[in-house]
Amino acid sequence: MPRWGMVIDVKRCIACWGCTIACKEEHFLPPGVFFNRVLIGETGKFPTSSKLIYPVLCNHCEDAACVEACPTGATYVREDGIVAIDDTKCVGCRACMVACPYQQRTYYDEKTKNREFFPGQGKTEMETIGEKLYPFKLGTVIKCNFCSERVDEGMKKGLTPGKDEDATPACVNICPVGARVFGDLDDPNSEINRLIMEKKGKQLRKEFGTEPAVYYID
Amino acid sequence: MNDNHQNLVETMFPSDGSGIKPYEWMISPTRQRQWIDEKGIFLWLAFFFSEIGAGLYFMSLFYSFRPGIVIGWLITLILGGVIHMLYLGNPKRAWRMLMKPNTSELSRGIWIIGVFAVLGFLQMITPGGFNMVFNFIMGILCLLIISHGFATMNVVRALPAWSSTVVLPLSIISGIWVGHQLLQLLFALSGSATVVSGMEVWAATFFLIYILCIGLYAWGTWHMSDVAKISVKKMLEGDLKRITYVGVGVLAVLLPLIFTLIMWGGSTNGFLVFLRLASVLAGDLAIRYLIMKTAVYNPLI
Ligand code: SF4
Ligand code: SF4
């Protein structure tokens with residue numbers, strides 16, 4: 001069984017927010033909800049300051065704080081390492097949101113559901129279709145799922161996640177500079193393992209011991 | 001800016017902070033919002049009521065005072081329980097929280113409250129229910145419920161202000177102190193002046209330990225890490241400083257201190273006991289509010 005992970009090359013990333021938007025389209029995310037964000041910060045003082053660009057998403061942690069906190073088992077780690085949420089079990093206690101050191105979870109309530117992309121003008125066709133095609137359950141927590149639908153469907157068709165677009169997360173497909181690589185962390189010969197080894201991939205906030213499956217290289 | 005544009009801006013940057021803010025979000029220390037803002041306020045109240053109910057039950061065990069355990073039991077289960085349910089997104093599925101006691105602190109808490117509900121009821125209806133064994137078991141359960149709220153927060157490693165080691169002792173002593181005050185008032189209302197006077201020495205002791213724990217919490221959090229220090233700063237500066245100075249400084253510390261000094265040596269009177277209790281309740285609520293409201297995460301980059 002593979003263990004899916006991602007490598008993000010922060011030197012390549014140009015902060016175009018393509019991943020953020022592709023993700024919103026893929027999952028029909030309402031306004032204000034982001035499974036993928038691009039953080040932009042600065043270190044140092046002008047003229048020697050440098051810009052930090054970090055695309056962030058759920059890290060699909062091996063030792064996930066959200067899984068530990070979930071009292072119902074709604075949040076769980078799949079065999080392939082993807083941290084998923086069973087919305088039929090979620091009680092909406094938000095313990096997972098508080099526990100996640102990366103703040104990667106969103107509570108889906110009436111207020112979130114009712115937001116419109118064009119406020120006061122009703123929902124667009126895309127929003128209405130999205131609610132039917134990709135319904136979120138009210139009072140539950142949602143987050144990035146590494147596009148598990150694409151991965152699962154693609155694998156059923158014999159495709160390889162990370163290589164074939166139809167089996168690869170939308171944020172990876174869209175990236176115009178190839179800053180994101182998706183693949184199997186358990187395969188010693190995979191592209192992402194090569195990048196992690198060669199470029200000394202780092203995980204965000206390693207000190208929490210969550211063992212993220214998302215690595216950053218530069 | 002016309003109305004539509006204003007709405008659009010509000011949608012993209014909602015006041016709850018959930019919008020896209022590339023230059024702020026998780027770049028600077030970010031406050032936890034889920035367990036205190038909006039509906040999160042229910043959780044703050046639920047933890048408070050569970051704690052004071054269990055505190056009253058716990059103290060009543062030492063005096064074999066049946067009305068005390070009945071009221072404590074009701075506060076914990078009805079007020080604490082119902083308010084907890086109001087917080088949940090899907091309260092009808094709350095039973096699912098009993099399914100994973102081995103993993104999460106929340107589920108363990110639900111189990112403890114369940115056992116407390118059953119055994120507490122049995123103790124109430126059993127003649128001679130205040131025996132050693134019952135008292136011991138119920139005492140332990142009460143302490144676990146008193147600390148349940150803060151224990152749930154304490155395991156969140158991502159929030160240093162909650163994972164401080166003083167959080168648990170503070171919650172236990174605050175439950176005992178508030179419970180003691182409630183019991184003292186119940187005795188005052190039932191006309192047991194001697195008991196009320198005799199309880200005063202314990203009031204002074206619990207109060208002293210409570211103040212010590214508040215001080216230790218603030219000092220420990222300040223010295224814990226840079227991010228934890230921000231939590232303390234948030235209490236002392238900005239919007240929340242009034243709650244700190246009035247809620248904690250005056251209501252939790254100063255007024256109870258004055259009333260305790262007036263009643264020093266056991267010269268109690270019902271009205272002063274009532275005033276001190278009111279002040280202590282408001283003060284305890286303020287402390288819990290601040291601890292929940294000011295907890296911040298480390299920035300991601
Ligand atoms: S990043 Fe947060 S939500 Fe995602 S698996 Fe890790 S702890 Fe859970
Ligand atoms: S909100 Fe849902 S997924 Fe999150 S901890 Fe509670 S039950 Fe689990």
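Here is the naming used below: chain letters follow the sequence lines, and residue numbers restart at 1 for every chain.
For the set A/M97, A/E207, A/K137, A/Q103, the entry with the most heavy-atom pairs within less than 4.5 Å of chain B is A/Q103. Contact tally against chain A (heavy-atom pairs below 4.5 Å) for B/L159, B/I301, B/T152, B/V156: the top residue is B/I301. Put simply, of A/A99, A/A95, A/A15, the one with the most heavy-atom pairs under 4.5 Å next to chain B is A/A95. Comparing B/A295, B/G109, B/P101, B/A158 by how many heavy-atom pairs each has under 4.5 Å with chain A, the most go to B/A158. When each of A/C93, A/P71, A/G139 is checked for heavy-atom pairs under 4.5 Å with chain B, A/P71 comes out on top. Ranked by heavy-atom pairs under 4.5 Å with chain B, the list A/T88, A/V56, A/L52 is led by A/T88.
For A/A69, the part lying under 4.5 angstrom from a heavy atom of chain B is the backbone only. Looking at A/V141, neither its backbone nor its side chain comes within 4.5 Å of chain B, counting heavy atoms on both sides. For A/L204, the part lying under 4.5 angstrom from a heavy atom of chain B is the side chain only. Within the 4.5 angstrom heavy-atom criterion, only side-chain atoms of B/W162, from C-beta onward, approach chain A. Of the two parts of B/L88, the backbone and the side chain both hold a non-hydrogen atom closer than 4.5 Å to a non-hydrogen atom of chain A. At a 4.5 Å heavy-atom cutoff, the contact between A/C70 and chain B is made by backbone atoms alone. No part of A/E110 comes within reach of chain B, as not one of its non-hydrogen atoms sits under 4.5 angstrom from that chain. Of the two parts of B/Y87, the backbone and the side chain both hold a non-hydrogen atom closer than 4.5 Å to a non-hydrogen atom of chain A. Heavy atoms closer than 4.5 Å to chain A are found in the side chain of B/Q32, but not in its backbone.
The side-chain tip of A/R94 points at the ring of A/Y107 from less than 6.0 angstrom away and within 45° of straight on. A cation-pi arrangement is not found for A/K123 relative to A/F117, the charged atom failing to lie both closer than 6.0 Å to the ring centre and inside a 45° cone about the ring normal.
Contact annotation: the side chain of B/M26 approaches that of B/Y297 to within less than 4.5 Å [non-hydrogen atoms, C-beta and beyond].
The main-chain N or O of A/F118 is never found under 3.5 Å from a side-chain atom of A/Q121 such that the two would form a donor-acceptor pair. Formation of a donor-acceptor pair under 3.5 Å by the A/K206 side chain with backbone atoms of A/E211 is not found in this model. A donor-acceptor pair is defined here as one N or O able to donate and one able to accept, closer than 3.5 Å; no such pair exists between the side chain of A/D186 and the backbone of A/P2. Checked by atom type and distance alone, the side chain of A/D80 pairs as donor or acceptor with a backbone atom of A/I82 at under 3.5 Å.
Under 3.5 Å, the side chains of B/S50 and B/T76 contain no donor-acceptor pair of N or O atoms. A donor atom on one side chain and an acceptor atom on the other are found under 3.5 Å apart for B/S104 and B/S107. Looking only at atom types and distance, the side chain of A/E149 has a donor-acceptor partner in the side chain of A/Y134 under 3.5 Å away.
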